[in-house]
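Note sheet for the following structure.
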Number of protein chains: 2
Amino acid sequence: MNTPIKVLLYEDNRDLREGISFLLQATAGLDLRAALPHVNNIRTDLAAHQPDVVLMDINMPGMTGLEALPIVKEINPNIQVVLLTVFDDDERIFQALRSGASGYLLKNTPPGEIVQAVFDVHKGGSPMTSTVARKVLQFFQQPVKPIVADHDLSARELDILRGLMKGYSYKLIADELGISLDTVRSHIRNVYDKLQVNSKTEAILKAMKEGWVG
Amino acid sequence: MNTPIKVLLYEDNRDLREGISFLLQATAGLDLRAALPHVNNIRTDLAAHQPDVVLMDINMPGMTGLEALPIVKEINPNIQVVLLTVFDDDERIFQALRSGASGYLLKNTPPGEIVQAVFDVHKGGSPMTSTVARKVLQFFQQPVKPIVADHDLSARELDILRGLMKGYSYKLIADELGISLDTVRSHIRNVYDKLQVNSKTEAILKAMKEGWVG
DNA sequence: CCGGCAACCGCATAATCATGTTAAAGTAGC
DNA sequence: GCTACTTTAACATGATTATGCGGTTGCCGG
C-alpha cells in the first residue's frame, strides 16, 4: 500500500481545522486534499478530491455532518467516514452508525490518535472513543428487557405460544409436543385468557411486542 | 481512584498466561489476584478474589470463556469482562457481546494494549480490536437491507396485509377498507400466492421477517 | 388430607379461514 | 383493439380456529 491515503477534513472551528490539518499534512502516507469549514458543497468536494477517508465534524453551520454522511455513502460507499464531535448522546451516535459512519471520535481525543484513526479506518478498522464503544455494546446487552413482567404463562403454555409464533397449526403443535389436538386447544384457551386476546394472530402480535419469546 | 484495580486472568496457555501475568503485575495501579488455567471454579474464584476486571480466554479446557461469561455477570454485573481470543467469527463475537462482555481483544493485540484495556474497561470504556469494532458497526448498518425487492404486492394487497398485521379479521378489514368480505378473501389469496404461504400467520411472520413492517 | 393448579384429554358448535371457480369493470401498455 | 394486471365481487366446500362445558391425573403447600 504505497499510494497515500486521500483525506478530506471538515471542521468549522478554524484553530482546530488548522491544527489537525497540520498534523495530517505532516504525516507520511496521508494526502490531505482539502480542509473545509463547511459541508454544503459535499458533492462537488467529493467529485473533485476523490477521498478515501473523510474526517467530519458533526456541528457545522449549514448542513451538519450527520446530514452529509448519507450523501457521502450514497455517492461512494467505499469512502470511510469518521465523525468528530463533542456530542456523545445516544441519539446522535446511533444515527451516525446507522448512516454508515466507520468511526466516531470525541473531540477530546489526542491529535495523534486522530491521525491513527485515519489509518485505522482505511485498513478496515473502526476507531471509536471508548465511551462510544461502550454505548454501542450496551445496545446489544439491553435485550435484558426491563419488563419481563406479567407472563403468568406456564412452561407448557409458552411451548404452545412458541409453536404459534413459528406459524404452526394446532395439529402441527400437537405433533411436535406429542399431545392431542384437544390439549393444544385447551392450552391455547388459557393462553388467550391470560393474554387477553382472542385469536392466534393477536396472541402472536402481543407476544412479539411484549418481547419475550422468540 | 487510588485503590488498585483487582484483576483475574484466565488463560490456559502457560506461556501466554505467565507473560501477561508478568506485565499486569509490573503495572502500577493493577492488582493481579490470580492467573488461572481454567474457569471451572469460576464461582469460588470470584468469591475469593472479588475482582473488578476479568481477563478471559475463550478457548479453554472444560468450560469455555463464553460459557463462564454469563455466570460472571449473573454473580456481579459490575465486574468488567474482557474476552481474549484468536477467533473473530461473527457468531462468537455477538454471543459474547450479548452475554455482557465489555471488551473483545484478539490475541495478536500487543501486550501493552492488553494492559491498557484493563484500565479502559475499568473506567467505563470498551476496548475492542478494530476488526471486531467494524463487525459490530456493520451490524447497525445492515438494516439497509440488500433487497427491498420482490414484494410484487399491489397497493391494495399491501392494505390487506397491513390489516392482517394489525390482527384484524377478514370482516374487520373489509369494513375498514369499505369492501366486501369476499373481496378481502380474493386479495388475501393473491397475497398468499405471492408470498408463497398459506395461512394468515405465515403471511404475517414472513412480512415481518422481510422487514417492510413498520 | 385437601384445595389449587398444571397438564392432559374429549365432544360439540359456531365462527373464521383457506381454497376453488368464475367474472365484471377499470387501467396501462403495446 | 388486445393483453395483462388490479380491484371488485359472488358462491361453495372443507379445514382450522374459537369457545363452552365437561373430565382425569399428578404435584405442591397448607
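First the proteins, then the strands, lettered A, B, ... as listed; each starts at 1. Heavy-atom basis, side chains included; hydrogens, waters and symmetry copies ignored.
Projected onto DNA chain D by closest heavy-atom contact, B:Leu181 and A:Asn198 fall at different nucleotides, the more 5' of which corresponds to B:Leu181.
Contact footprint of chain A on DNA chain D: nucleotides with an atom under 4.0 Å from a non-hydrogen protein atom, first to last in 5' to 3' order, D:dT16 to D:dC21.
Between the CD1 atom of A:Ile160 and the C1' atom of C:dC9 there is a distance of 13 Å, given to the nearest Å. Atom CD1 in B:Ile188 sits about 16 Å away from atom C1' in C:dG20, given to the nearest Å.
Listed pair A:His187 / C:dA7 fails the phosphate criterion, with no side-chain N or O lying under 4.0 Å from OP1 or OP2. Here A:Asn190 does not reach the OP1 or OP2 of C:dA6: none of its side-chain N or O atoms lies under 4.0 Å away. Regarding contacts with the backbone of C:dA18, a side-chain N or O of B:Tyr192 is found under 4.0 angstrom from either OP1 or OP2.
The minimum heavy-atom distance linking A:Thr201 with B:Gly167 is given by the pair CG2-CA, 3.8 Å.
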Give the B/S/- string for nucleotides 23-30 of chain C, one per nucleotide from 5' to 3', where a protein heavy atom under 4.0 Å of the base yields B, of only the sugar-phosphate yields S, and otherwise -. --------
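Residues that satisfy the salt bridge (Lys or Arg N to Asp or Glu O under 4.0 Å) test with A:Glu157, not counting sequence neighbours, are A:Lys194. Applying the side-chain contact (heavy atoms from CB on, under 4.5 Å) rule to A:Glu176 yields the partners A:Lys166, A:Tyr168; only residues at least two apart in sequence or on another chain are considered. Partners of A:Arg33 by side-chain contact (heavy atoms from CB on, under 4.5 Å), not counting sequence neighbours, listed by chain and number: A:Lys6, A:Leu8, A:Asp31, A:His49. Not a single salt bridge (Lys or Arg N to Asp or Glu O under 4.0 Å) links B:Arg17 to another residue, sequence neighbours left out. A:Lys107 meets the salt bridge (Lys or Arg N to Asp or Glu O under 4.0 Å) test with A:Glu11, A:Asp57; sequence neighbours excluded. With sequence neighbours excluded, the residues forming a salt bridge (Lys or Arg N to Asp or Glu O under 4.0 Å) with B:Asp182 are B:Arg185, listed by chain and number. Remark: A:Ile188 engages A:Ile160, A:Leu164, A:Tyr170, A:Val184, A:Tyr192 in a side-chain contact (heavy atoms from CB on, under 4.5 Å) (not counting sequence neighbours). Among residues two or more places apart in sequence or in another chain, the side-chain contact (heavy atoms from CB on, under 4.5 Å) test is passed with B:Thr27 by B:Leu30, B:Val115, B:Phe119.
Note that OG1 of B:Thr64 is 8.0 Å distant from CE of B:Met56, once rounded to the nearest 0.5 Å. Remark: B:Leu205 CG to B:Ser199 OG distance equals 8.0 Å, nearest 0.5 Å.
A side-chain donor from one of B:Ser180 and B:Thr183 sits under 3.5 Å from a side-chain acceptor of the other.
Checking side-chain atoms of B:Thr109 against main-chain N and O of B:Ile114 turns up no donor-acceptor pair under 3.5 Å.
One end of the helix from C:dC1-D:dG30 to C:dC30-D:dG1 points its axis 50° away from the other end's axis, with each axis taken from 5 pairs and the angle rounded to 10°.
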Please list each protein N or O that sits under 3.5 Å from an N or O in nucleotides 12-16 of chain C, with the distance.
unit_1 : atom_1 : unit_2   : atom_2 : d
C:dT16 : OP2    : B:Lys171 : NZ     : 3.1

